[in-house]
Amino acid sequence: MKVVTTVKEVRDYVKQWKKNGETVGFVPTMGYLHEGHGSLITAARNNNDRVVVSIFVNPMQFGPTEDLESYPRDLEKDSKYCESLGADLIFHPEPSEMYHDDFSTYVDMSVLTEELCGLSRPVHFRGVCTVVNKLFNIVQPDRAYFGEKDAQQLAIIKHMVQDLNMDIEVIGCPIVREEDGLAKSSRNTYLSLEERKAALILSQTVELCKKLIADGETDADVVVSKMKENIEKEPLAKIDYVKAVNGLTMQQQKEIKAPMLIAMAVYIGKTRLIDNYILG
Ligand code: AMP
(Lines give C-alpha, C1' and ligand atoms only; values in the text may rest on other atoms or scores of the structure.)
Protein backbone atom coordinates (compact mmCIF):
# COMPACT_ATOMS: atom_id res chain seq x y z
CA MET A 1 0.00 0.00 0.00
CA LYS A 2 1.21 3.49 -0.90
CA VAL A 3 0.51 6.82 0.78
CA VAL A 4 0.61 9.77 -1.63
CA THR A 5 -0.01 13.48 -1.20
CA THR A 6 -0.35 14.86 -4.72
CA VAL A 7 -3.10 14.72 -7.32
CA LYS A 8 -0.55 13.72 -9.93
CA GLU A 9 0.55 10.64 -8.00
CA VAL A 10 -3.05 9.44 -7.61
CA ARG A 11 -3.69 10.01 -11.30
CA ASP A 12 -0.56 8.05 -12.27
CA TYR A 13 -1.59 5.03 -10.21
CA VAL A 14 -5.20 5.09 -11.37
CA LYS A 15 -4.19 5.50 -15.02
CA GLN A 16 -2.02 2.41 -14.80
CA TRP A 17 -4.77 0.36 -13.12
CA LYS A 18 -7.37 1.41 -15.66
CA LYS A 19 -4.99 0.55 -18.49
CA ASN A 20 -4.91 -2.97 -17.04
CA GLY A 21 -8.71 -3.05 -17.00
CA GLU A 22 -8.92 -2.91 -13.19
CA THR A 23 -11.89 -1.40 -11.35
CA VAL A 24 -11.42 1.20 -8.63
CA GLY A 25 -13.38 1.50 -5.38
CA PHE A 26 -13.06 4.73 -3.43
CA VAL A 27 -13.64 5.58 0.25
CA PRO A 28 -13.45 9.29 1.11
CA THR A 29 -12.74 9.98 4.81
CA MET A 30 -11.41 12.61 7.17
CA GLY A 31 -9.22 10.03 8.89
CA TYR A 32 -8.89 8.96 12.51
CA LEU A 33 -10.32 5.75 11.19
CA HIS A 34 -12.52 3.31 13.10
CA GLU A 35 -14.53 0.21 12.19
CA GLY A 36 -17.23 2.37 10.58
CA HIS A 37 -14.69 3.51 7.99
CA GLY A 38 -13.33 -0.04 7.98
CA SER A 39 -16.67 -1.42 6.85
CA LEU A 40 -16.58 0.89 3.82
CA ILE A 41 -13.01 -0.10 2.98
CA THR A 42 -13.92 -3.79 3.29
CA ALA A 43 -16.97 -3.31 1.05
CA ALA A 44 -14.74 -1.57 -1.50
CA ARG A 45 -12.11 -4.33 -1.18
CA ASN A 46 -14.74 -7.02 -1.82
CA ASN A 47 -16.09 -5.48 -4.99
CA ASN A 48 -13.21 -3.80 -6.80
CA ASP A 49 -9.74 -4.68 -8.07
CA ARG A 50 -8.23 -1.58 -6.44
CA VAL A 51 -9.15 0.43 -3.35
CA VAL A 52 -8.30 4.09 -2.77
CA VAL A 53 -8.92 5.75 0.61
CA SER A 54 -8.66 9.51 0.92
CA ILE A 55 -7.78 11.03 4.27
CA PHE A 56 -8.41 14.74 4.17
CA VAL A 57 -9.83 16.99 6.88
CA ASN A 58 -11.56 19.29 4.44
CA PRO A 59 -11.46 22.88 5.73
CA MET A 60 -14.25 23.92 3.37
CA GLN A 61 -16.89 21.85 5.16
CA PHE A 62 -16.21 23.33 8.61
CA GLY A 63 -17.97 26.48 9.79
CA PRO A 64 -15.93 29.24 11.45
CA THR A 65 -16.83 28.12 14.99
CA GLU A 66 -16.48 24.38 14.31
CA ASP A 67 -13.75 21.89 15.23
CA LEU A 68 -11.42 22.06 12.19
CA GLU A 69 -8.29 22.65 14.30
CA SER A 70 -9.09 20.10 17.01
CA TYR A 71 -10.38 17.38 14.66
CA PRO A 72 -8.39 14.23 15.60
CA ARG A 73 -5.65 13.07 13.24
CA ASP A 74 -3.37 9.98 13.25
CA LEU A 75 -2.00 9.16 9.80
CA GLU A 76 0.34 6.44 11.02
CA LYS A 77 -2.41 4.45 12.74
CA ASP A 78 -4.78 5.07 9.81
CA SER A 79 -2.19 3.81 7.31
CA LYS A 80 -1.69 0.57 9.24
CA TYR A 81 -5.43 0.07 9.48
CA CYS A 82 -5.98 0.67 5.75
CA GLU A 83 -3.14 -1.68 4.90
CA SER A 84 -4.59 -4.39 7.16
CA LEU A 85 -7.89 -4.10 5.26
CA GLY A 86 -6.19 -4.43 1.89
CA ALA A 87 -6.38 -0.86 0.58
CA ASP A 88 -4.01 -0.11 -2.31
CA LEU A 89 -3.56 3.63 -1.97
CA ILE A 90 -4.11 6.40 0.57
CA PHE A 91 -4.49 9.92 -0.79
CA HIS A 92 -3.53 12.34 1.99
CA PRO A 93 -3.23 15.80 0.48
CA GLU A 94 -2.40 19.08 2.21
CA PRO A 95 -5.21 21.66 1.96
CA SER A 96 -2.98 23.66 -0.44
CA GLU A 97 -2.89 20.68 -2.84
CA MET A 98 -6.71 20.66 -2.95
CA TYR A 99 -7.35 24.41 -2.83
CA HIS A 100 -4.95 26.67 -4.69
CA ASP A 101 -4.93 30.34 -3.74
CA ASP A 102 -7.18 31.27 -6.64
CA PHE A 103 -9.71 28.47 -6.01
CA SER A 104 -13.18 29.76 -6.87
CA THR A 105 -15.47 26.96 -8.12
CA TYR A 106 -18.04 25.39 -5.80
CA VAL A 107 -20.70 22.71 -6.04
CA ASP A 108 -23.76 24.18 -4.40
CA MET A 109 -26.83 21.95 -4.21
CA SER A 110 -30.22 23.33 -3.23
CA VAL A 111 -33.21 21.64 -1.49
CA LEU A 112 -31.56 18.49 -0.02
CA THR A 113 -28.84 20.54 1.65
CA GLU A 114 -31.27 23.00 3.22
CA GLU A 115 -32.73 20.63 5.83
CA LEU A 116 -31.42 18.75 8.88
CA CYS A 117 -27.65 19.31 9.27
CA GLY A 118 -27.78 21.97 6.53
CA LEU A 119 -29.78 24.24 8.84
CA SER A 120 -27.29 24.21 11.68
CA ARG A 121 -24.20 23.88 9.47
CA PRO A 122 -24.90 26.30 6.59
CA VAL A 123 -21.59 25.94 4.71
CA HIS A 124 -21.14 22.23 5.38
CA PHE A 125 -22.69 20.57 2.36
CA ARG A 126 -21.22 23.05 -0.11
CA GLY A 127 -17.84 22.01 1.25
CA VAL A 128 -18.75 18.32 1.12
CA CYS A 129 -20.11 18.44 -2.44
CA THR A 130 -17.16 20.47 -3.68
CA VAL A 131 -14.50 18.23 -2.15
CA VAL A 132 -16.24 14.97 -3.11
CA ASN A 133 -16.61 16.26 -6.65
CA LYS A 134 -12.91 17.11 -6.75
CA LEU A 135 -11.95 13.74 -5.23
CA PHE A 136 -14.14 11.93 -7.77
CA ASN A 137 -12.38 13.84 -10.57
CA ILE A 138 -8.98 12.95 -9.14
CA VAL A 139 -9.61 9.27 -8.33
CA GLN A 140 -12.10 8.52 -11.15
CA PRO A 141 -13.59 5.58 -9.22
CA ASP A 142 -16.06 3.05 -10.54
CA ARG A 143 -17.71 2.84 -7.12
CA ALA A 144 -17.66 5.10 -4.08
CA TYR A 145 -18.62 4.06 -0.55
CA PHE A 146 -20.35 6.23 2.04
CA GLY A 147 -21.82 5.47 5.47
CA GLU A 148 -25.50 5.58 6.31
CA LYS A 149 -24.46 7.24 9.56
CA ASP A 150 -24.27 10.45 7.52
CA ALA A 151 -27.55 9.65 5.79
CA GLN A 152 -28.19 13.16 4.50
CA GLN A 153 -24.67 13.30 3.06
CA LEU A 154 -25.25 9.94 1.34
CA ALA A 155 -28.53 11.17 -0.19
CA ILE A 156 -26.83 14.39 -1.31
CA ILE A 157 -23.89 12.58 -2.94
CA LYS A 158 -26.24 10.20 -4.76
CA HIS A 159 -28.23 13.21 -5.96
CA MET A 160 -25.10 15.08 -7.07
CA VAL A 161 -23.88 12.08 -9.05
CA GLN A 162 -27.25 11.89 -10.79
CA ASP A 163 -27.56 15.66 -11.39
CA LEU A 164 -24.04 15.99 -12.78
CA ASN A 165 -24.08 12.73 -14.78
CA MET A 166 -21.10 11.24 -13.02
CA ASP A 167 -20.42 7.67 -14.07
CA ILE A 168 -19.91 6.44 -10.50
CA GLU A 169 -21.95 3.97 -8.46
CA VAL A 170 -22.53 5.36 -4.95
CA ILE A 171 -22.95 2.65 -2.35
CA GLY A 172 -24.34 3.20 1.15
CA CYS A 173 -23.09 1.02 4.03
CA PRO A 174 -24.92 0.42 7.35
CA ILE A 175 -24.03 2.23 10.57
CA VAL A 176 -21.34 0.45 12.60
CA ARG A 177 -21.89 0.79 16.35
CA GLU A 178 -19.98 0.24 19.58
CA GLU A 179 -21.12 -2.78 21.58
CA ASP A 180 -23.39 -0.60 23.71
CA GLY A 181 -25.02 0.96 20.64
CA LEU A 182 -23.23 4.30 20.22
CA ALA A 183 -22.57 4.93 16.53
CA LYS A 184 -18.83 4.91 15.92
CA SER A 185 -17.47 8.35 15.15
CA SER A 186 -14.07 10.05 15.13
CA ARG A 187 -15.72 12.74 17.27
CA ASN A 188 -16.50 10.25 20.07
CA THR A 189 -12.93 10.86 21.26
CA TYR A 190 -14.05 14.32 22.44
CA LEU A 191 -16.39 12.77 25.03
CA SER A 192 -15.49 12.61 28.73
CA LEU A 193 -16.39 9.39 30.57
CA GLU A 194 -19.60 10.93 31.82
CA GLU A 195 -20.48 12.27 28.36
CA ARG A 196 -19.70 8.91 26.77
CA LYS A 197 -22.41 7.36 28.98
CA ALA A 198 -24.82 10.21 28.23
CA ALA A 199 -24.20 9.79 24.47
CA LEU A 200 -26.03 6.47 24.62
CA ILE A 201 -29.22 8.50 24.57
CA LEU A 202 -28.85 8.80 20.78
CA SER A 203 -28.85 5.08 19.97
CA GLN A 204 -31.45 4.42 22.66
CA THR A 205 -33.68 6.99 20.99
CA VAL A 206 -33.12 5.32 17.60
CA GLU A 207 -34.27 2.07 19.23
CA LEU A 208 -37.33 3.84 20.63
CA CYS A 209 -38.11 5.18 17.16
CA LYS A 210 -37.82 1.69 15.64
CA LYS A 211 -40.10 0.27 18.32
CA LEU A 212 -42.76 2.94 17.88
CA ILE A 213 -42.83 2.30 14.14
CA ALA A 214 -42.79 -1.50 14.58
CA ASP A 215 -45.73 -1.14 16.97
CA GLY A 216 -47.70 0.60 14.23
CA GLU A 217 -47.30 4.34 14.84
CA THR A 218 -47.82 6.11 11.51
CA ASP A 219 -47.79 9.75 12.59
CA ALA A 220 -44.27 11.17 12.18
CA ASP A 221 -44.98 14.06 14.56
CA VAL A 222 -45.86 11.60 17.33
CA VAL A 223 -42.67 9.61 16.74
CA VAL A 224 -40.52 12.74 16.67
CA SER A 225 -42.04 14.24 19.82
CA LYS A 226 -41.63 10.98 21.74
CA MET A 227 -38.01 10.84 20.59
CA LYS A 228 -37.44 14.42 21.73
CA GLU A 229 -39.04 13.69 25.11
CA ASN A 230 -36.71 10.74 25.52
CA ILE A 231 -33.58 12.78 24.70
CA GLU A 232 -34.65 15.54 27.08
CA LYS A 233 -34.48 13.05 29.96
CA GLU A 234 -30.68 13.11 29.61
CA PRO A 235 -29.35 16.21 31.40
CA LEU A 236 -26.11 16.40 29.32
CA ALA A 237 -27.98 16.26 26.00
CA LYS A 238 -29.13 19.28 24.03
CA ILE A 239 -31.18 18.66 20.90
CA ASP A 240 -30.06 20.35 17.69
CA TYR A 241 -32.81 18.62 15.69
CA VAL A 242 -34.92 15.48 15.50
CA LYS A 243 -36.77 15.22 12.20
CA ALA A 244 -38.62 12.76 10.02
CA VAL A 245 -38.05 13.46 6.34
CA ASN A 246 -38.51 11.83 2.96
CA GLY A 247 -35.41 9.68 2.44
CA LEU A 248 -34.73 11.03 -1.05
CA THR A 249 -35.74 14.69 -0.89
CA MET A 250 -34.95 15.38 2.79
CA GLN A 251 -38.25 17.29 3.03
CA GLN A 252 -40.34 16.90 6.17
CA GLN A 253 -42.98 14.18 5.97
CA LYS A 254 -46.05 13.71 8.19
CA GLU A 255 -46.71 10.05 7.58
CA ILE A 256 -44.30 7.25 8.49
CA LYS A 257 -43.75 5.77 5.04
CA ALA A 258 -40.66 4.49 3.19
CA PRO A 259 -38.39 5.86 1.88
CA MET A 260 -37.95 7.80 5.07
CA LEU A 261 -35.10 9.10 7.18
CA ILE A 262 -35.61 9.83 10.86
CA ALA A 263 -32.50 11.71 11.89
CA MET A 264 -31.17 13.54 14.90
CA ALA A 265 -28.27 15.75 15.89
CA VAL A 266 -27.69 16.12 19.61
CA TYR A 267 -25.04 17.99 21.55
CA ILE A 268 -23.52 16.00 24.39
CA GLY A 269 -21.67 18.75 26.20
CA LYS A 270 -19.84 20.54 23.36
CA THR A 271 -19.76 17.52 21.05
CA ARG A 272 -22.37 17.34 18.29
CA LEU A 273 -23.31 13.75 17.50
CA ILE A 274 -25.68 12.37 14.87
CA ASP A 275 -27.65 9.16 14.50
CA ASN A 276 -30.60 7.99 12.46
CA TYR A 277 -33.02 5.32 11.36
CA ILE A 278 -33.55 4.71 7.66
CA LEU A 279 -36.87 3.21 6.67
CA GLY A 280 -36.85 1.46 3.30
P1 AMP B 1 -15.74 10.88 8.12
O2 AMP B 1 -14.32 10.48 8.22
O3 AMP B 1 -16.42 11.09 9.44
O4 AMP B 1 -15.95 12.02 7.14
O5 AMP B 1 -16.50 9.64 7.49
C6 AMP B 1 -16.08 9.06 6.27
C7 AMP B 1 -17.11 8.06 5.83
O8 AMP B 1 -17.26 7.05 6.84
C9 AMP B 1 -18.51 8.69 5.63
O10 AMP B 1 -19.09 8.13 4.47
C11 AMP B 1 -19.23 8.29 6.88
O12 AMP B 1 -20.63 8.19 6.71
C13 AMP B 1 -18.63 6.91 7.15
N14 AMP B 1 -18.83 6.55 8.55
C15 AMP B 1 -18.43 7.26 9.64
N16 AMP B 1 -18.83 6.64 10.78
C17 AMP B 1 -19.49 5.51 10.39
C18 AMP B 1 -20.15 4.46 11.10
N19 AMP B 1 -20.22 4.43 12.41
N20 AMP B 1 -20.72 3.46 10.37
C21 AMP B 1 -20.66 3.49 9.01
N22 AMP B 1 -20.06 4.45 8.29
C23 AMP B 1 -19.49 5.46 8.96
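All values reported here derive from a predicted model rather than from experimental measurement.
For the side-chain contact (heavy atoms from CB on, under 4.5 Å) with V24, the qualifying choice from L89, I168, N48, V139 is V139, the only one to do so. Of the options R177, K210, K184, K149, a salt bridge (Lys or Arg N to Asp or Glu O under 4.0 Å) to D275 is made by R177 and by none of the others.
A distance of 12.0 Å separates CG of L182 from CD1 of I201, quoted to the nearest 0.5 Å. Between atom OG1 of residue T249 and atom CG of residue L112 there is a gap of 6.5 Å, rounded to the nearest 0.5 Å. The distance from atom OG1 of T65 to atom CZ of F62, rounded to the nearest 0.5 Å, is 11.5 Å. The OG1 atom of T130 lies 7.0 Å from the CG atom of D108; values are rounded to the nearest 0.5 Å. To the nearest 0.5 Å, atom CG of residue N276 and atom CE of residue M260 are 12.5 Å apart. Rounding to the nearest 0.5 Å places CD1 of I55 at 4.5 Å from OG1 of T29.
Applying the salt bridge (Lys or Arg N to Asp or Glu O under 4.0 Å) test to K228 and every residue at least two apart in sequence or in another chain returns nothing. Remark: D150 pairs with Q153, I274 by the side-chain contact (heavy atoms from CB on, under 4.5 Å) rule, at least two apart or across chains. Considering only residues two or more places apart in sequence or on other chains, L164 meets the side-chain contact (heavy atoms from CB on, under 4.5 Å) condition with V107, N133, M160, M166. For K80, the salt bridge (Lys or Arg N to Asp or Glu O under 4.0 Å) partners two or more places apart in sequence, or in a different chain, are E76. Residues passing the side-chain hydrogen bond (donor to acceptor under 3.5 Å, both in side chains) test with D12 are K8, sequence neighbours excluded. For D167, there are no salt bridge (Lys or Arg N to Asp or Glu O under 4.0 Å) partners at least two apart in sequence or on another chain. The salt bridge (Lys or Arg N to Asp or Glu O under 4.0 Å) test applied to K2 returns no partner, not counting sequence neighbours. Judged as a side-chain contact (heavy atoms from CB on, under 4.5 Å), and not counting sequence neighbours, the contacts of D49 are E22, T23.
In this structure, E66 contributes its side chain and L68 its backbone to no donor-acceptor pair below 3.5 Å. For R143 (side chain) and N47 (main-chain N/O), a donor-acceptor pair under 3.5 Å exists by modelled atom type. In this structure, the side chain of Q152 engages the main chain of E115 through a donor-acceptor pair within 3.5 Å. Although no hydrogens or angles enter the test, the distance criterion places a donor-acceptor pair under 3.5 Å between the side chain of E97 and the main chain of V7. Here the side chain of T42 pairs no donor or acceptor atom with the backbone of S39 at under 3.5 angstrom.
Listed by first and then second residue, the ring pair (Phe, Tyr, Trp, His ring centres under 6.0 Å) pairs involving residues 90-134 are Y99-F103, F103-Y106 (not counting sequence neighbours). Residue pairs meeting the salt bridge (Lys or Arg N to Asp or Glu O under 4.0 Å) criterion with at least one member in residues 83-96, sequence neighbours excluded, are R45-D88, R50-D88. Annotation: ring pair (Phe, Tyr, Trp, His ring centres under 6.0 Å) contacts involving residues 140-188, sequence neighbours excluded, are absent. Legend: salt bridge (Lys or Arg N to Asp or Glu O under 4.0 Å) pairs involving residues 248-268, not counting sequence neighbours, sorted by first then second residue: D221-K254.
Pairing each heavy atom of C129 with each of M109, the nearest pair is SG-CE, 4.3 Å. Residues S203 and G181 come closest through the heavy atom pair CB-O, 3.2 Å. Scanning both residues, A183 and I175, for their nearest heavy atoms gives CB-CG2, 3.8 Å. Shown here for S120 and D240, the closest heavy-atom pair between the two residues is OG-OD2, 2.7 Å. The shortest non-hydrogen separation linking Y277 to L279 is OH-CD1, 3.5 Å. Pairing each heavy atom of V57 with each of M30, the nearest pair is CG2-O, 3.4 Å.
The environment of OH in Y13 is sparse: at most 12 heavy-atom neighbours from other residues, nucleotides or ligands sit within 6.0 Å. At most 12 heavy atoms of other shown residues, nucleotides or ligands fall within 6.0 angstrom of atom CD in E194.
Proximity of Y241 to L119: side-chain heavy atoms (C-beta onward) are nowhere separated by under 4.5 Å. Here the side chains of V111 and Q251 are in contact, with some heavy-atom distance below 4.5 Å.
The residues D180 and R196 are annotated as salt-bridged, a charged nitrogen and a carboxylate oxygen being separated by less than 4.0 angstrom. Between K226 and E229 no salt bridge is recorded (no basic side-chain N to carboxylate O distance below 4.0 Å).
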